[in-house]
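One structure is given below, encoded as C-alpha cells.
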Amino acid sequence: MGAASSTEGEREPLLVPPDRETSIQPVYSQVYGRRWLVLTLFSLLAFMQGIVWNTWGPIQNSAMHAYDFTKSDIAVLVLWGPVGFAPWLLFIWLMDKKGLRVSLLLSAFFMVIGAVLRSVPVPEQHLRRWLIHAGQLLNGLAGPTIMSAGPLLSTTWFAPDQRATATAVASLVSYLGAACSFIVGPLLVPAPNDTTRAMVNRADVSTDTQMNHIRDRIQLVLYAEFGVVAMLFAAVLLYFPSRPPMPPSVAAASQRLSYRSSICRLLSNFRFLMIALAYAVPTGVVAGWSGVLDMILTPARVSQVDAGWIGFWSIVGGCVFGVAMARFADSIRGMLKLILVLMMAGASLASTWFTLTCLTRLTHLPSTAATLYTSCILVGIFINSSVPIFFELFIETVYPVPEGITCGVVTFLGNLVTGCLLFFLTFYSTELSWLNWCLTGSCAFSLVLILFFRESYDRLYLDVFVSV
C-alpha cells in the first residue's frame with residue numbers, strides 16, 4: 001500500500017492459532033472486564049480536555065467584559081488547542097515506544113498544570129491574561145495523545161467485534177466535553193447586559209459590580225475544572241496499564257512496523273493521504289467553526305445562552321449518532337466507505353442549509369430558531385459522527401502501521417486545518433459569513449475524495465481469516 005514494504009517477520013502474527021478446523025479464536029487471546037475501566041478513565045480525561053479547550057468560546061461576551069478580551073483574544077484562546085499539536089511527532093513516538101500509560105500520564109500532567117495556571121487569582125489583569133493563555137496552551141499539549149490514542153486503546157483492549165464502538169467512545173468523548181462547555185459556561189457565567197450592543201460598541205461596558213460578579217463566576221468554573229482534572233490525574237496515576245496481560249485478538253498481538261518505517265509508509269501512501277485529507281479538512285473546519293459559534297450566530301440575534309444550546313446539541317447529536325454508527329459498523333464489517341459517503345453527503349446538505357439560512361437577506365430563506373437549531377445540529381451529527389469511522393478506515397488501510405502513529409498523523413492534519421482557520425480568524429473576525437462557506441466547501445471536498453477512494457481491510461482480514 002505504500003512505497004516502503006514490510007518484511008515477512010513484521011507481518012507474521014505473534015499469536016499462532018491452533019487447528020484451523022476446530023477453533024475460530026487464537027489460543028492465547030483473552031478479553032478482560034477491566035477494559036471498561038481503562039476506557040472510562042481515558043474517556044473522562046478526554047472529556048475534561050475538551051471542556052477546558054472550549055471554556056472561553058461559549059462565554060466570550062462575558063470574558064470580553066471581565067478580562068478586557070477582544071474577539072482576536074477569544075480566537076487565540078481557541079487556537080492554543082491546535083498549536084498544542086506542534087510537537088505531535090514527539091507524542092506519537094512516546095506512545096509507540098513507551099505505551100499508553102506513560103503518554104497519558106504526561107498529557108494529564110500538562111492538563112493539571114494548565115488548569116492551575118488558569119485558576120491563579122492574581123489581581124493584575126495583564127498577568128492574569130498571560131496565565132490564562134499559558135494554561136490553554138498546556139491543555140492543548142495534551143491533545144496529540146488524547147485525540148489519537150482511542151484506536152490504539154480499542155485494538156489493545158477490545159475484541160474485533162467491539163473495536164469500532166470502543167474507538168467511537170474514546171475519540172468522541174472529547175467532543176462531548178466541548179459540547180458540555182456550551183452549557184456549563186453560559187449557565188454559570190451570566191452574560192453582560194445589552195450583549196448585542198456591547199459586541200458592536202465596546203464603550204458600552206457593564207458596571208463594576210456586574211463585572212466583578214462575572215469574574216467571580218468565571219473563577220468558579222476554572223476552580224471546578226481544575227478539581228476534576230486533578231482527581232482524574234490521580235486516578236490514572238494509581239491505575240492505568242498500557243496493555244492487558246493477554247491480547248484480545250490476532251491483530252493486537254501481531255508485530256507492527258517501526259516508528260521510522262511507519263512514518264515513511266504513511267507519507268508515501270497516496271490512498272492514505274487521500275482519505276486523511278477527506279477527514280482533516282471538514283473536521284478541522286468544523287472544530288474552528290464550533291469554537292466561535294457564538295460569534296457566528298450573534299448577527300442573527302441569537303443570545304449567548306441559545307448559541308450555547310445549539311452548539312451543545314450539535315455535538316451531542318454527533319457523539320450519540322457516532323457511537324450508534326460505530327456499533328452498526330461492528331456488526332456489518334467492510335462497509336466503512338459507504339457509511340462515510342452517506343455521512344458527508346448529509347453534512348454537505350446540512351451545512352449548505354445553515355449557510356443560506358444565515359444569509360436570509362439575500363436568500364430570503366426563513367431564519368428562525370427552529371431552522372438554525374435544526375441545520376446546525378445536523379452539521380454536528382454528520383461530521384462529528386464520522387470521526388470514529390474515519391479512524392477505523394485509516395487503520396485498515398495502512399495496517400500494520402501502529403494505530404497511535406496513524407491517528408497521530410491525521411489528528412495533526414485536522415488540527416493544522418483548525419489552526420490555520422483560527423489564525424486567519426484573528427485578522428478577519430468582524431464578518432464571519434465566509435466561515436460558513438468554508439464549512440460547506442470542506443464537506444463537499446471530503447465527499448468527492450471519499451467517492452474516489454479505494455477501500456481495503458487488511459487488519460480485518462487478519463482477524464477473520466488468520467484466526468479461523
Item to check | Check against side chain to side chain contact (heavy atoms under 4.5 Å, CB included), Cys180 and Phe47 | outcome: CA-CA 9 Å; Cys180 288; Phe47 177 88; 3.6 Å; yes

Next on the checklist: We want to know whether Thr355 and Asn436 form a side-chain donor-acceptor pair, criterion being a heavy-atom distance below 3.5 angstrom.
Outcome noted: no

Item to check | Distance in Å, Leu393 CG paired with Met335 CE, rounded so as to fall on 0.5 Å steps | outcome: 12.5 Å

Item to check | Sub-4.5 Å side-chain heavy-atom contact between Tyr279 and Val387 | outcome: yes

Checklist entry - For Thr371 and Ser375, which heavy atoms make the closest approach, and how far apart are they? => result O-OG, 2.8 Å

Checklist entry - Within a reach of under 6.0 Å around CZ of Phe109, are more than 12 heavy atoms found that belong to other residues, nucleotides or ligands? => result no

Item to check | Heavy-atom pair with the smallest gap, counting every atom of Val173 and Ser43 | outcome: CG1-O, 3.2 Å

Next on the checklist: Side chains of Glu392 and Thr167: any donor to acceptor distance under 3.5 Å?
Outcome noted: yes

Item to check | Ring centroid separation Trp157 to Phe42 under 6.0 Å | outcome: no

Checklist entry - Please walk me through it: do Arg215 and Gln125 pass side chain to side chain contact (heavy atoms under 4.5 Å, CB included)? => result CA-CA 11 Å; Arg215 290 193 192 101; Gln125 288 285 8; 3.1 Å; yes

Next on the checklist: Could you check whether any side-chain N or O of Lys337 sits under 3.5 Å from a backbone N or O of Leu451, counting only pairs where one atom can act as donor and the other as acceptor?
Outcome noted: yes

Checklist outcome for this item: For Leu172 and Gly318, the nearest pair of non-hydrogen atoms, with its separation, is CD1-O, 4.2 Å

Checklist entry - Near Tyr223 OH, under 6.0 Å, is it more than 12 heavy atoms from other residues, nucleotides or ligands? => result yes

Next on the checklist: Does either side chain, that of Ser258 or that of Ser261, offer a donor lying less than 3.5 Å from an acceptor on the other one?
Outcome noted: yes

Checklist entry - Do you know the tightest heavy-atom contact between Pro400 and Arg265? => result CD-NH1, 4.3 Å

Next on the checklist: Using side chain to side chain contact (heavy atoms under 4.5 Å, CB included), reason through Trp56 and Ile218 one step at a time and then give a plain yes or no.
Outcome noted: CA-CA 10 Å; Trp56 303 100; Ile218 293 177; 3.9 Å; yes

Checklist entry - How about Phe91 and Asp96: do any of their side-chain heavy atoms sit closer than 4.5 Å? => result no

Next on the checklist: Using 0.5 Å steps for rounding, measure from the CG atom of Leu131 to the OG atom of Ser119.
Outcome noted: 10.0 Å

Checklist outcome for this item: Nearest heavy-atom approach of Ser351 to Thr440 is O-OG1, 3.2 Å

Next on the checklist: For a quick check under 3.5 Å, do Trp88 and Asn415 share a side-chain donor-acceptor pair by atom type?
Outcome noted: no

Item to check | Criterion side chain to side chain contact (heavy atoms under 4.5 Å, CB included) on Phe382 and Ser314, from CA distance to verdict | outcome: CA-CA 9 Å; Phe382 287 120; Ser314 66; over 6 Å; no

Checklist entry - Rounded to the nearest 0.5 Å, what separation is found between the OH atom of Tyr175 and the SG atom of Cys319? => result 9.0 Å

Next on the checklist: Has Ser62 got a side-chain atom pairing as donor or acceptor with Pro190's backbone, closer than 3.5 angstrom?
Outcome noted: yes

Item to check | Distance-only side-chain donor-acceptor flag, Thr155 / Glu403, under 3.5 Å | outcome: yes

Next on the checklist: Quiz question: by atom type and distance under 3.5 Å, do the side chains of Arg118 and Thr55 form a donor-acceptor pair?
Outcome noted: yes

Item to check | Heavy-atom closest contact (Leu176 atom, Ile315 atom, distance) | outcome: N-CG2, 4.1 Å

Item to check | Interatomic distance, Ile146 atom CD1 to Ser171 atom OG [nearest 0.5 angstrom] | outcome: 12.0 Å

